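Remember, predicted model here, so these are calculated numbers, not experimental data. Note on naming: letters A, B, ... go to the chains in the order of the sequence lines (proteins, then strands), and numbering restarts at 1 for each one. Note that these values count all heavy atoms, side chains included, but never hydrogens, waters or copies made by symmetry.
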Amino acid sequence: MSPDPTHPGLSRDEMARRVAIDIPDGSYVNLGIGMPERITQFVPAGRELIYHTENGLLGMGPAPAEGEGDPELINAGKRRVTVIPGAAYFHHADSFTMIRGGHIDVCVLGALQVACNGDLANWSTGAPDAIPAVGGAMDLVAGVKTIYVLTQHCTKHGDPKLVERCTYPLTGKAVVDRVYTDLAVIDITPQGFRVVELSPGIEFDYVQERTAAPLLPPSQD
Amino acid sequence: MSPDPTHPGLSRDEMARRVAIDIPDGSYVNLGIGMPERITQFVPAGRELIYHTENGLLGMGPAPAEGEGDPELINAGKRRVTVIPGAAYFHHADSFTMIRGGHIDVCVLGALQVACNGDLANWSTGAPDAIPAVGGAMDLVAGVKTIYVLTQHCTKHGDPKLVERCTYPLTGKAVVDRVYTDLAVIDITPQGFRVVELSPGIEFDYVQERTAAPLLPPSQD
Amino acid sequence: MIDKSIAGPAQAVADIFDGATIMIGGFGEAGSPIELIHALIDQGASGLTVVNNNTGSGEVGLAALIRAGRVAHMICSYPRTANSTVFPQLYRSGKIKLELVPQGTLAERIRAGGAGIPGFYTATSVGTPLEEGKEKREFDGREYVLERGLTADFALIKARAADRYGNLLYNKTARNFAPIMATAARTTLVQVAEILPAGEIDPEAVVTPGIFVDRIVHIPDPALESDLVARGVSYP
Amino acid sequence: MIDKSIAGPAQAVADIFDGATIMIGGFGEAGSPIELIHALIDQGASGLTVVNNNTGSGEVGLAALIRAGRVAHMICSYPRTANSTVFPQLYRSGKIKLELVPQGTLAERIRAGGAGIPGFYTATSVGTPLEEGKEKREFDGREYVLERGLTADFALIKARAADRYGNLLYNKTARNFAPIMATAARTTLVQVAEILPAGEIDPEAVVTPGIFVDRIVHIPDPALESDLVARGVSYP
């Protein structure tokens with residue numbers, strides 16, 4: 001089966017669902033702004049995840065209905081959220097104690113580039129006229145136990161995001177554990193990128209052609 | 001008037017009263033175990049002081065009636081206390097944020113020795129068989145804005161506690177602002193000990209004889 | 001009797017001086033002490049260094065303070081936000097300096113400042129452009145950078161309720177930086193929606209003990225930045 | 001469904017291993033998790049490093065653990081207290097090692113360990129015998145010592161109430177070291193007098209968020225060290 005050339009690989013929701021499968025029951029999870037937020041919709045039945053938002057809340061619930069909610073109850077993306085029964089509020093130093101101290105189990109982030117040594121670039125393109133802004137990204141990748149990247153395999157212009165060495169400024173060195181793209185699930189190993197799983201209808205060579213570093217095939221245990 | 005040879009100088013309560021006079025209205029105060037605790041009884045009418053105890057309470061009230069109180073509501077001396085309306089509990093790191101961060105206005109401590117450069121020794125006699133124990137004393141002298149020492153002028157054996165250089169292990173270097181004894185109120189100045197006030201009936205020479213470092217007379221402004 | 005209440009925002013900010021370092025609470029609009037900031041604009045102090053996670057939005061609150069040219073130096077983690085146009089313009093024209101600090105490092109630097117810790121080590125920013133100029137050091141085989149504690153002359157924060165001692169309760173995620181900023185500033189000004197009698201706040205539930213608060217201003221019905229921005233308000 | 005409750009103290013301490021570092025909450029008897037400590041004595045792990053402000057009193061709780069010869073190394077600020085005889089005897093006979101740490105430095109080392117801070121600077125102990133062996137450094141004209149973050153394999157703490165997530169409320173000054181120890185241990189065991197349904201604890205008033213708690217043991221009517229000592233109890 002060859003990929004559908006007009007829409008190969010997973011949709012955004014399918015990508016989010018694929019990540020959700022890998023997050024163990026009972027995990028404390030921090031989700032980046034954007035596509036990672038969709039993961040909450042696809043948690044398998046019977047699992048309970050606790051969502052942390054670095055601005056000071058553990059036990060974040062879904063967004064309230066449009067026009068509802070409290071403008072002072074927001075997530076890291078500054079959108080209104082709700083809380084679950086059993087939530088807790090805390091100040092920023094305590095919130096980053098959770099992050100820096102290694103208490104958050106999983107963080108799922110977007111990426112501009114991921115290198116085959118686990119380097120991540122996701123905060124700046126380094127453009128000279130850009131206003132630099134980093135937020136909590138560097139703290140998250142330095143502190144959270146498991147870092148998953150969830151991203152389209154290539155940029156809108158078709159350039160590979162999985163590369164030999166990042167050319168954009170780094171968010172952290174050797175921090176990424178696994179990358180989930182529309183085309184594949186890829187681990188960072190001491191030997192470099194290793195394909196763990198190909199999306200339905202996607203072949204290895206198709207992914208390799210769109211990756212700017214060598215891919216190892218799934219290991220044959 | 002010469003001092004009464006059988007009981008010269010101030011009583012313990014008079015000493016505590018003398019310190020209380022010098023603590024401004026609205027101060028946040030940490031009182032060492034023992035004689036400093038008496039100060040609470042002599043705060044001049046119209047003043048409100050807030051007492052901090054380093055085990056995690058701001059707004060400590062008086063001791064409860066004998067046999068009353070909660071064994072989990074105690075002061076740094078591990079004795080039962082009460083709280084005032086407007087008190088707050090907090091954990092140890094927050095409590096020492098108040099101390100180390102310079103938020104406590106006044107700390108009144110006992111002393112084994114005070115040197116004329118403000119060095120304080122009050123935690124150990126350095127005896128080889130003693131079990132060393134320091135508690136919060138070193139944090140208090142390093143962090144609190146104003147350090148008052150409240151002590152008998154001499155030991156039970158008649159040895160001076162105010163000395164040229166401490167022979168006991170230090171609690172802190174150059175930390176004491178003022179010493180209140182049964183005989184006098186003495187400031188630590190760049191020139192050394194300066195008598196601010198003599199206790200009623202006590203003469204300067206009498207204090208000097210019992211002090212192992214030169215005393216400067218009250219300044220004549 | 002201790003009572004830290006102050007008549008109004010103007011009185012609370014009266015002694016803020018040119019060149020002061022000011023920590024301003026809030027993450028976006030949540031917790032932004034907008035009435036205190038507007039009073040500071042009216043008061044006129046300039047050449048300020050401001051510590052805030054962001055740079056405000058629209059032309060009210062922190063953005064208005066920046067727009068009025070009062071801020072020489074911003075210390076923040078994320079100066080780009082929705083409806084944030086004032087800072088980018090001044091930054092690109094070189095009229096305002098930016099010290100970009102990772103959010104968790106910013107929080108910890110403030111907490112350290114308040115706790116009398118002049119420096120600490122963190123792995124955050126190691127191997128990135130933001131490690132530049134920082135001393136590095138290895139502990140147990142991992143690299144860390146040395147970060148400095150941060151203190152301020154004033155903190156301007158917002159809380160839900162206070163008693164006369166300055167014990168504070170907050171509202172949800174509006175808590176964010178306020179409790180640590182209160183510890184790190186020599187003088188802490190707080191605007192609160194409600195002033196409660198001493199003893200009404202459960203001692204087990206106090207978030208900011210009164211020792212960290214100097215002045216309380218009662219603002220029963222504080223404005224919301226997003227409402228003002230939506231209505232096109234430009235302060236003053 | 002997340003539920004961190006464990007059947008009893010024996011089950012909670014089952015995997016504590018010889019040579020483990022254990023933080024034990026409490027300041028004197030206030031906050032001492034006496035039932036968990038007694039379960040640890042029954043369990044038998046030895047060669048332990050224990051972090052506590054004191055060394056227990058009488059022959060129950062921490063003092064009983066020390067008396068049973070299970071503790072090789074104490075890290076504490078004040079090993080001498082009323083009715084404390086067990087530690088002094090073993091210390092004088094060279095059977096237990098002591099690392100004496102100023103109380104605030106101990107608290108900050110624990111907090112740093114929990115917050116991923118491997119080292120920080122403090123002025124506490126500068127110029128005293130306790131600065132020995134510590135690196136010194138000047139910041140802005142004042143001398144400081146470098147102190148290391150402290151972590152543990154286990155924390156044993158006591159709280160008033162928990163929900164199934166491990167959100168905790170404490171009782172008065174029994175709070176002391178527990179919230180920071182919960183952050184600094186890989187596995188945190190808590191004994192609580194009451195287990196509440198999720199949602200019963202006000203999110204604004206949670207002291208220890210559940211993320212820092214691993215196992216909850218329900219001890220509805222915990223013993224008090226001073227009662228046991230007064231009755232001459234010797235555990236086991």
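For CD of E132(C), the number of neighbouring non-hydrogen atoms (other residues, nucleotides, ligands) closer than 6.0 Å is 12 at most. Summarising the local packing, CZ of R79(B) is surrounded by 12 or fewer heavy atoms from other residues, nucleotides or ligands at distances under 6.0 Å. Taking a 6.0 Å sphere around NZ of K97(C), one finds it holds 12 or fewer heavy atoms contributed by other residues, nucleotides or ligands.
In terms of heavy-atom pairs under 4.5 angstrom with chain B, the leader among G114(C), A115(C), G116(C) is A115(C).
The CZ atom of R111(C) lies 4.0 Å from the OG1 atom of T97(B); values are rounded to the nearest 0.5 Å.
In terms of the salt bridge (charged side-chain N to carboxylate O under 4.0 Å, His left out) criterion, K78(B) has no residue partners (sequence neighbours excluded).
Residues of residues 193-220 of chain C lying under 4.5 angstrom from chain B, judged on non-hydrogen atoms, are A198(C), G199(C), P203(C), E204(C), V206(C), P209(C), G210(C), I211(C), F212(C) in numerical order. Residues of residues 3-35 of chain C placed with any heavy atom under 4.5 Å of a heavy atom in chain B are listed by number as K4(C). Scanning residues 41-52 of chain B against chain C with a 4.5 Å heavy-atom cutoff picks out G46(B), E48(B), I50(B), ordered by number.
For chain B, the nearby part of R164(C) is the side chain; its heavy atoms alone come within less than 4.5 Å. Using a 4.5 Å cut-off between heavy atoms, I104(B) contacts chain C through both its backbone and its side chain. Within the 4.5 angstrom heavy-atom criterion, no atom of A142(B) approaches chain C.
The two residues N167(C) and A87(B) come nearest to each other via the heavy atoms ND2-O, 4.4 Å. Counting all heavy atoms, side chain and backbone alike, Y165(C) lies closest to Y28(B) at O-OH, 3.9 Å.
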